[in-house]
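These notes concern the structure reproduced below.
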There are 2 protein chains.
Amino acid sequence: MAATIYEVAALAGVSPATVSRVLNGAAVSPGYAAKVREAATALNFRPNRTARTLRRQSSEIIALIIPDIENPFYTALARGVEDRALAAGYSVVLCNTDDQHDKEARYLDIAISEQMAGVVLAPASARTDIDALLARNTPVVTVDRSTHGHAVDAVLMDNTDGGRAATSALYDEGFLRVACITGPRDVETADQRADGWREVFTAHSPRVKAENYLRRANYRVDGGRAAMADLMRMRRPPDAVFVANNLMSVGALQHLLSIDMEPPAIGLASLGDLPFTTWQKKGVTVLPWPGRRLGLTAADLLLSRIGGDHGPARTIITRGSDEDDPTG
Amino acid sequence: MAATIYEVAALAGVSPATVSRVLNGAAVSPGYAAKVREAATALNFRPNRTARTLRRQSSEIIALIIPDIENPFYTALARGVEDRALAAGYSVVLCNTDDQHDKEARYLDIAISEQMAGVVLAPASARTDIDALLARNTPVVTVDRSTHGHAVDAVLMDNTDGGRAATSALYDEGFLRVACITGPRDVETADQRADGWREVFTAHSPRVKAENYLRRANYRVDGGRAAMADLMRMRRPPDAVFVANNLMSVGALQHLLSIDMEPPAIGLASLGDLPFTTWQKKGVTVLPWPGRRLGLTAADLLLSRIGGDHGPARTIITRGSDEDDPTG
DNA sequence: ACCGTTCCAGAAATCGATTTCAGGGTCAAG
DNA sequence: CTTGACCCTGAAATCGATTTCTGGAACGGT
């Protein structure tokens, strides 16, 4: 059914080796080359990538492993990776882990045993184990989050500073007690963003125990909604809240609208754009959180590793927004 | 670096064939089996999938090819496919085509030459060519959209009826002139949804040329925004609009808010939920458009084909919402 | 005219797992 | 005791492309 290189060779009257050489640009006399190309076209020949990968010990596919495909931050990141990778001749396949270690392990295993050219990984948690990947010299770049104790390239945002800046912005607007909704325990970005918040909170309310005004949720809409509701039930509720990611901000805002307390009645600062928003009014502070840019940078780094860059592991802290393209 | 089956065999003191049998559940005496398992663990052996795929002529990966990874409808669909596929022991990789035929062709080519177990495809357009896939007997299920002239399984929504229902709902609310914003030319869902609208529109305004109140945009937020703006600039603007997908509805709503004409000042009916919405007021009619359900159904169908079901091609028109799970 | 390169093509090895095939052993029935 | 059936096991073929190795032809220099 599928034409093989042997059939092409037979039709062109040459050996399979010659066919391979023609298709890979090695030196072959023009007469044979033409014959081979003609035969390949006639048979609609497409080289079997499995065989090629087995022999070459490396495919031309990059795996992108992300925790939540339904979060527009990660899909923007995916687009960034994709744009760079396709331009460099690689294809990208996306794998969704749902923040579950077993699904993540499964996809990491696939990346290894399919001998993929490289992996861009947003780890489910710091416990993610990439030793197997490193042991086989597969280039890896972690993005958005890092893994614990691995000497591996990382492209990150300054989370602590993000938390600080967002919280400060609210105090600057005149709010007096800024709560925080952050992500799950043992997700490093969640802790760091909360750290930034805690620092500013404590400076403004030294007598109040910060943890009372800290909520942890699952980085998704429902989590933000529930956490916001929980905060508003406090005996002394906050008058503003720093929400540590885009989706939870949506949830928080949904809850505030439902109890008729829309910003700026209560202050709200979000790390990352509200996706697909129809919220036009003032009162929500948005700090850009450039997923696409992270993806572009990570892909550039990964491609340079695939290209043979064996320098020591680098950590890049990205700043700026999606609008400015990093030089690549 | 990577342990092979030969090394495991050597360590266990058996032949590679026996190692393979142990790992694949064929009959092997318990003593050897234990030795092999021990050796495999000691060497941290992971079978090379490339080699396995080459020999078996089929991998255990399902490709899901979608036109816009940033559209929550498709990510919900992806989750549906994923849930079913993972449960059945297959892994899913996601490929994003951006509605571009060249990117789509590239991924289709990969699906073939990586010998993937099956493909769930939301075609960029009816011109998408899947002959190569069919020629190699790779199971294919198209979803959301179909391809022209291929006898292939399809899981679709009733687009025409959706357009009809959404438009009727607006007239029932008392609006008098319902415009339509649909997707690009030569995308079948766009045409069908517009057909449904046209039917109802013409019944209500037999003297008006329907095409005057029809706009085509790119199925994304900016497209919806621009199309809405265009409609409002008409000498005689509509008093309501049927918007044919979720993202364009967001854009349309954004424009209406910006000119201070928020629903229900103007009627708006959307095919599909407004994603991540913070819009709480009435005045927007939403017809459920269950992406996840489509994905579940498509995966079920694909898995049955992979399992050897060679019956004639089926077309399934999905109804209902994401809440009810299809029996699978 | 002879020798040493250079160039190009084919034969064969290779990647690593699976699977067919063939043979050796065991066991039961005759 | 022999024969047949059955079960394991290992040797070897296989999947399809790439790449090394080998050798023949052509060509240039002396």
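Convention: sequence-line order gives letters A, B, ...; per-chain numbering from 1.
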message = Taking the axis from the first five pairs and the axis from the last five, what angle separates them in the helix from dA1(C)-dT30(D) to dG30(C)-dC1(D), rounded to 10 degrees?
response = 50°
message = Between dT18(D) and R56(A), counting only base atoms on the nucleotide and side-chain atoms on the residue, is there a donor-acceptor pair under 3.5 Å?
response = no
query = Counting N and O atoms only, with roles assigned by atom type, does the side chain of N24(A) sit under 3.5 Å from a partner on the main chain of A26(A), one being a donor and the other an acceptor?
reply = no
task = Check each residue of residues 37-46 of chain B for a non-hydrogen atom within less than 4.0 Å of any atom in DNA chain D, then write out the ones that pass by number, or none.
result = none
inquiry  = Quick check: any donor-acceptor pair below 3.5 Å linking the side-chain of R21(B) to the base of dG10(D)?
reply    = yes
message = Is T18(B) close enough to dG10(D) that one of its side-chain N or O atoms is under 4.0 Å from OP1 or OP2 there?
response = yes
inquiry  = Does dG16(C) have its OP1 or OP2 closer than 4.0 Å to a side-chain nitrogen or oxygen of Q57(A)?
reply    = yes
task = Spell out, as yes or no, whether a donor-acceptor pair under 3.5 Å connects the side chain of R305(A) to the backbone of G311(A).
result = yes
task = Could you work out which one of dC15(D), dA11(C), dA17(D) sits closest to the side chain of R55(B)?
result = dC15(D)
Expected output: side-chain R145(B) to main-chain S125(B) donor-acceptor under 3.5 Å = no
N or O in side chain of S15(B) less than 4.0 angstrom from dG10(D) OP1/OP2 = yes
task = Among dA11(C), dC8(D), dA17(D), find the nucleotide with the atom closest to the side chain of P47(A).
result = dA17(D)
Filtered N/O pairs between nucleotides 24-27 of chain C and protein, under 3.5 Å:
none

message = With a 4.0 Å cutoff (strictly under), does any side-chain N or O of S29(A) reach OP1 or OP2 of dC7(C)?
response = no
request  = Classify the side chain of Y32(A) versus the base of dA9(C) as yes if they form a donor-acceptor pair under 3.5 Å and no if they do not.
outcome  = no
